[in-house]
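I'd like to ask some things about the structure below.
A note on names: the letters A, B, ... follow the listed sequences, proteins ahead of strands, and every chain is numbered from 1. Just so you know, these numbers come straight off a predicted model, no measurement behind them.
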Number of protein chains: 2
Amino acid sequence: MFSTGHHRILSVLSRSGPQSRTDLARILNLSKASVTALVRELIEQNILDERERVFGFGRPAVMLGLRQDAASFIGISLQADPAHIVLTDPHGKVHRQFTMPLVTDVEACLAAMAGAVQDIRDAYPDTIGALAGIGVVIAGIVSGNSQICLASATLGWTDVDIGPRLAEMTGLPVFVENDANALIIGEQLFGNSGELDDFSLVFVSEGIGGAHIINRHLHRGHHGGAGEISHSPIAIDLEALPCRCGNRGCLETVAALPAILGAARRSGLPGDIGQIVELATEGQPEALAILHRAGTALGVSLSQVIQFIDPLRIVVRLDPHLVESVFARALKQAVEAHVLRRESYQTELVLGPLYPNDFATGAASLAAQHFLFGNTSL
Amino acid sequence: MFSTGHHRILSVLSRSGPQSRTDLARILNLSKASVTALVRELIEQNILDERERVFGFGRPAVMLGLRQDAASFIGISLQADPAHIVLTDPHGKVHRQFTMPLVTDVEACLAAMAGAVQDIRDAYPDTIGALAGIGVVIAGIVSGNSQICLASATLGWTDVDIGPRLAEMTGLPVFVENDANALIIGEQLFGNSGELDDFSLVFVSEGIGGAHIINRHLHRGHHGGAGEISHSPIAIDLEALPCRCGNRGCLETVAALPAILGAARRSGLPGDIGQIVELATEGQPEALAILHRAGTALGVSLSQVIQFIDPLRIVVRLDPHLVESVFARALKQAVEAHVLRRESYQTELVLGPLYPNDFATGAASLAAQHFLFGNTSL
DNA sequence: TTATTTAATTTAGCAAATGAAATAATTTAT
DNA sequence: ATAAATTATTTCATTTGCTAAATTAAATAA
């Protein structure tokens, strides 16, 4: 349908906002003749439209923008209970969202997802762009391309081909991805890191997950497990707790949400993260210690990521309460202390809140990425 | 000069050995017509030649191979004193090698390198292929493309443009690269890991260096420092030594060659790695402990690399004496213990010797890679 | 010998991109 | 107001890199 040329143009417009034809030719190293032709076709297909004119010396440049109604995408997160479902446009704006109970039975889950898709289709005849794809997020391992869930502990699935099944049921392209990977694609496509060639993302919730964009592409690793960070051996000296992986002192046993809540409970503190953060802010010593230790542990792990991979930025997404807490300060301190001092340059650390919706939005970004970029690089 | 098509063919032949035209068409997803034309041009340029015929059912296939005299390459290692210089063919075979004292004065160093190149040119009129490029290796940070040495502690250089300077003096393309990066390109092009999409390499000598091939490409990281592993915080619990980076307990203070020799000296053992390994083999407790500790420390760091990046293989290059020692066994054990158990699959760990020559050969591979592959992927 | 099979080449042609010239829409200078 | 300059975009003839289909080449099997 669309050629690489089309996708390359969409890629630039999605990432850097409206550009003129001449800009595009320069950015993409294409001739102006080619850009004219490619843009004409994209306008005919109602993917792009002409925006305001920018006046300079000579003939004004006509800016070209990605239409909000070029297409729409459904994102489904099976990452936790309840499942979240969103409908987005190509810019990542959420137009509709709801939840439904997570069903672990494969057939029932497929039926529920197909039903949700049908509901959305019924409710949205054509006010926004035509539905162009579905993304599904699971916590677990997904095969690189065949869109099969190889293993998921939360769902209890092994080698389940939800991708092809849901595609058949809905008649739409379906993309399945691991939670951290979906989150980083969402950050790349819908977030603020689209211009970066290399960046990493780590999220902290029930577990700790990580993913890397390397050379503009998601780095899956050889068996799809790249970005795994939760079992970094971090607490050798401290009272190392046993981890579900069999070792002791893994990052997850110190810095994941359940670990923080568990430590708080053992210290007689309330079992709610908001309250714990508040106590720490008021100076309560146990709360401070627990959050400080968790932040430091994650910081040390991130310093390793920085040394090994040297990304331009690491995005850390965590509970909104933690974003401005001791946890965050300890994290930054630990990174400062453990990263080899560099004259010119420092990996940027960006902390932001993680909302349950974000996984579903990430899921939608998978479908959007495919629609906009095809298999293109740049 | 050569198109992407040519380079893609050379890439396959270099990596997988001789192939028929039909094989190439299948491997590269090209039409047989294209392969015929591209191969004809490469044969006319004396890059390829026809080899033996392989008989099957129908018409026999003519195998095509990369000519040993297609071109030759000079590799210069300024990684340590003395500097090593090699002359190789496109398969990485070393045809001539020698050393010269390392000079840290920039002008003197350039003059020495240019002189060495001229000597080689004089001594080798045209018995092997025409000289097609020069690679230079330094211990330090090199800018991504402009071939400028940004910083090197051993040489005391900052922002020195040896690449362009040497290119001007010799009239040949020059490629400058960091030591670990050159080593991994050498492994990819001249070694046994050419078919792998993702692998990592770590070497242990005066320091510890690492590099990653991701998606067939060298991953330099945003400021060229990717692969940095020597300052992983590893020895928190043990008697952590101060490191030149300012922290304590870095991997380098435990597992690098000087660290091992230093620990041995403090225990009253001889200051030679061969003797230390021999003592350990005989069961001498201090020697065993020192090597075991060093191997374990490196193993723990590598387990982190495996979790974060999930490469298909990690190549570890170290002193020949260490390859079959307690160090190696401890390293493998530590990796086994710390990597999250995987059902189907395990990152392969390959230990091999590191000879002083290898950096120079790696340097030559940089030039060879450019000659053979251009800027191509696959 | 003849049919079959696989490899390689030829041929005509397409799709994407290009360079150079032409056209369009402005601002600045006169 | 008009002409000159400037920059954006389009047109058009052409090149580049590839392909599909038919053809030729060189072998084996019957």
Can you find a pair of side-chain heavy atoms, one from B:Phe199 and one from B:Glu348, that are under 4.5 Å apart?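 No, too far: nothing below the 4.5 Å cut-off.
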
Would you indicate what A:Asp23 reaches in the nucleic acid, counting non-hydrogen atoms under 4.0 angstrom: base, sugar-phosphate, or nothing?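 Since no nucleic acid heavy atom lies under 4.0 Å of A:Asp23, the category is nothing.
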
Among A:Arg216, A:Arg313, A:Arg15, find the residue that satisfies the salt bridge (Lys or Arg N to Asp or Glu O under 4.0 Å) test when tested with A:Asp197.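 For A:Asp197, the salt bridge (Lys or Arg N to Asp or Glu O under 4.0 Å) check succeeds only for A:Arg216.
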
Along DNA chain C (nearest heavy atom to each residue), the more 5'-positioned of A:Gly58 and A:Leu30: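 Its nearest nucleotide being more 5', the pick is A:Leu30.
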
Are any of A:Ser3's side-chain N or O atoms less than 4.0 Å away from OP1 or OP2 of C:dA15?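 Indeed not, no polar side-chain atom of A:Ser3 lies that close.
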
Side chain A:Arg59 and base C:dA25 donor-acceptor under 3.5 Å: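 Between C:dA25 and A:Arg59, which were checked side chain against base, a qualifying N/O pair under 3.5 Å is absent.
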
From C:dA7, D:dA27, D:dT11, pick the nucleotide closest to the side chain of B:Ala61?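 Between C:dA7, D:dA27, D:dT11, the one nearest the side chain of B:Ala61 would be C:dA7.
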
Spacing of A:Ile9 atom CD1 relative to D:dT9 atom C1', expressed in whole Å: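 A:Ile9 atom CD1 is separated from D:dT9 atom C1' by 14 Å.
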
Atom NZ of A:Lys32 to atom P of C:dA22: distance rounded to whole Å?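 It works out to 15 Å between those atoms.
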
Parallel, tilted or perpendicular: which fits the ring planes of A:Phe2 and A:His7, with parallel below 30° and perpendicular above 60°?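 Rings of A:Phe2 and A:His7: perpendicular, as their planes differ by over 60°.
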
Would you kindly give the CE-to-C1' distance between A:Met63 and C:dA25, to the nearest whole Å?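 The distance from CE of A:Met63 to C1' of C:dA25 comes to 17 Å, rounded to the nearest Å.
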
Nearest to the B:Arg21 side chain among D:dT9, C:dT9, D:dC18, which nucleotide is it?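 The answer is C:dT9.
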
By the 4.0 Å heavy-atom rule, please label A:Arg26 as base, sugar-phosphate, or nothing.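 Contact class for A:Arg26: none.
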
Using a cut-off of less than 4.0 Å, is there contact between a side-chain N or O of B:Arg40 and OP1 or OP2 of C:dT10?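 For C:dT10, OP1/OP2 do have a side-chain N/O of B:Arg40 under 4.0 Å.
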
Give the rounded distance in Å between these two atoms: CZ of B:Phe57 and P of D:dA29.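 Nearest whole value for this atom pair: 6 Å.
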
Please determine, for the side chain of B:Arg53, which listed nucleotide (C:dT9, D:dA26, C:dA25) has the closest atom?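 That would be D:dA26.
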
Nearest to the side chain of A:Ser31 - C:dG19, D:dA20, D:dT9?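 The listed nucleotide nearest to A:Ser31's side chain is C:dG19.
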
Can you tell if the side chain of A:Ile9 reaches within under 4.5 Å of the side chain of A:Leu48, non-hydrogen atoms only?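 With C-beta onward as the side chain, the pair touches.
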
Indicate, with a heavy-atom threshold strictly under 4.0 Å, whether A:Val35 touches base, sugar-phosphate, or nothing.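 Here A:Val35 touches no strand at all.
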
Charged N to carboxylate O under 4.0 angstrom, B:Asp49 versus B:Arg51?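 So B:Asp49 pairs with B:Arg51 through a salt bridge.
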
Closest to the B:Val62 side chain, choosing from C:dA8, D:dA27, C:dA25: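 Taking heavy atoms from C-beta onward, the closest nucleotide is C:dA8.
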
Starting at atom CD of A:Gln19, determine the distance to atom P of D:dT9, rounded to an integer number of angstrom.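 Whole-Å distance recorded here is 11 Å.
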
How about A:Phe175 and A:His370: do any of their side-chain heavy atoms sit closer than 4.5 Å?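 Yes, close enough: below the 4.5 Å cut-off.
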
Looking at every strand, decide which applies to B:Ser34 at a 4.0 Å heavy-atom threshold: base, sugar-phosphate, or nothing.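 Base contact.
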
Of A:Phe55 and A:Leu38, whose closest DNA chain C nucleotide lies nearer the 5' terminus?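 Counting from the 5' end, the first nearest nucleotide belongs to A:Leu38.
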
Touch check for A:Ser20, heavy atoms < 4.0 angstrom, all strands: base, sugar-phosphate only, or nothing?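 The answer is sugar-phosphate, as A:Ser20 gets under 4.0 Å only of primed atoms, P, OP1 or OP2.
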
C:dA8 P sits how many Å from B:Ile43 CD1, rounded?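 Interatomic distance, CD1 of B:Ile43 to P of C:dA8: 11 Å.
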
Between atom CG in A:Leu48 and atom P in D:dT9, what is the gap in whole Å?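 Distance, rounded to whole Å: 13 Å.
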
Please determine, for the side chain of A:Ala33, which listed nucleotide (D:dT11, D:dT10, C:dA8) has the closest atom?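 Between D:dT11, D:dT10, C:dA8, the one nearest the side chain of A:Ala33 would be D:dT11.
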
Take the protein atom CD of B:Glu41 and the nucleotide atom C1' of D:dT16, then report the distance between them rounded to whole Å.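 One finds 11 Å between C1' of D:dT16 and CD of B:Glu41, rounded.
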
